[in-house]
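In listed order, ligands and their atoms are each counted from 1.
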Amino acid sequence: MLDRPLFSTSWILGRFCNYNCSYCWPYARSDKVDHQPLDVYKATVDEIKRQARANGFNQFHWSFSGGEPTAYKQLLDLVKHLDELESKYQSIHMTTNLSPGSKWWNTWCANTALLQRRSITASFHDEFAKEQEFGDKCLQLQYELVHVTVNQVMVPEKFYELYDRMSRLHARGINVTLKPQSDLSASHIVDGYTDEMIKLMQNGFPQKSQGEEIYQIRLTDGEKDYYLDQAERFNAFGFNKFQGWTCNSGYQSVIIRGNDVKRSYSCHDVPLGTLDSFELFKDPKRCITPSCVSSADSKIPKCITI
Ligand code: SF4
């Protein structure tokens with residue numbers, strides 16, 4: 001997003017999830033199927049592209065999450081709709097519990113094959129998932145050149161049990177991320193972590209691709225550049241307060257949550273509209289929000305002038 005005319009859409013398709021983990025936040029999931037018809041979503045994709053192009057962005061990143069995005073019955077048709085000739089570059093990301101069978105994932109791979117980059121954050125939920133099968137699906141996707149990272153919410157009471165499992169998956173050649181558990185307000189990490197646990201979440205398992213360390217975040221103070229391998233570490237370091245900074249969210253990125261179209265998940269700004277009718281910003285705007293609590297938001301380009 002710093003070096004290319006890339007527009008990012010982060011999309012919570014609905015809250016419905018086929019799992020029901022004991023530690024899940026009440027607002028994060030629902031038993032009720034709450035998706036919209038495929039035509040509505042396709043029209044939204046087309047409208048985002050139209051408005052983003054008017055802002056000068058002709059490359060697109062699509063990130064789907066939920067609830068559980070794979071529980072949307074027409075997801076495979078929706079991801080197929082992303083591909084068209086006018087966009088020079090498109091990438092897709094999904095955050096998923098990886099519960100569909102390997103046949104479903106084969107179709108997902110086929111339907112996204114023409115996109116330039118594909119990645120999956122696979123959340124391991126130990127009350128439902130089986131480690132061997134989960135790791136097998138990760139390797140199946142990696143074989144199809146999909147970038148996979150396993151995301152584990154490090155519940156403090158089970159920290160070392162979860163850490164051992166992540167070590168085993170990592171030993172199979174799969175990237176893993178240790179995510180701190182947030183409190184109910186989603187703005188702070190929960191109590192109960194020791195200094196050693198915090199250090200492991202900040203520095204454990206550096207992200208690699210084909211043996212090389214990879215970086216998703218560039219920070220610069222005007223003289224020197226600094227790198228972070230993944231945006232999740234912003235929260236682990238408590239570096240998520242950007243009020244007063246100029247932020248490209250709403251201009252170079254947008255989020256969709258159910259029917260709402262917003263600048264970003266964390267932003268206190270008035271929403272940009274709904275799926276039927278929304279308007280992106282025409283330029284970057286000042287951040288008015290005390291803390292940027294989602295890594296999807298923290299990683300949108302932002303700067304401060306002193
Ligand atoms: S809360 Fe985060 S995404 Fe929203 S304007 Fe502030 S820095 Fe940008």
A.B. asks: Less than 2.8 Å away from atom 6 (Fe) of ligand 1, how many protein N/O/S atoms can be counted, ignoring water?
C.D. replies: 1

A.B. asks: Charged N to carboxylate O below 4.0 Å: is that the case for Lys285 and Asp283?
C.D. replies: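 A salt bridge links Lys285 with Asp283.
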
A.B. asks: May I ask you to say whether Glu86 pairs ionically with Lys49, meaning some side-chain N is under 4.0 Å from a carboxylate O?
C.D. replies: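 Result for this pair is no, no salt bridge flagged.
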
A.B. asks: Can you pull out every salt bridge (charged side-chain N to carboxylate O under 4.0 Å, His left out) where at least one residue sits in residues 115-130? Sequence neighbours excluded, please.
C.D. replies: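 Residue pairs passing salt bridge (charged side-chain N to carboxylate O under 4.0 Å, His left out), neighbours aside: Asp126-Lys158.
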
A.B. asks: Between atom CE of Met154 and atom CD of Gln181, what is the distance when rounded to the nearest 0.5 Å?
C.D. replies: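 If we round to the nearest 0.5 Å, Met154:CE and Gln181:CD are 11.0 Å apart.
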
A.B. asks: Going by the side chain to side chain donor-acceptor pair (under 3.5 Å) test, name the single residue among Gln59, Gln116, Arg53 that passes it with Ser87.
C.D. replies: Arg53

A.B. asks: Supply the atom-to-atom distance Trp62 CH2 to Ile48 CD1, rounded to the nearest 0.5 angstrom.
C.D. replies: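 So the CH2 of Trp62 and the CD1 of Ile48 are separated by 4.5 Å.
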
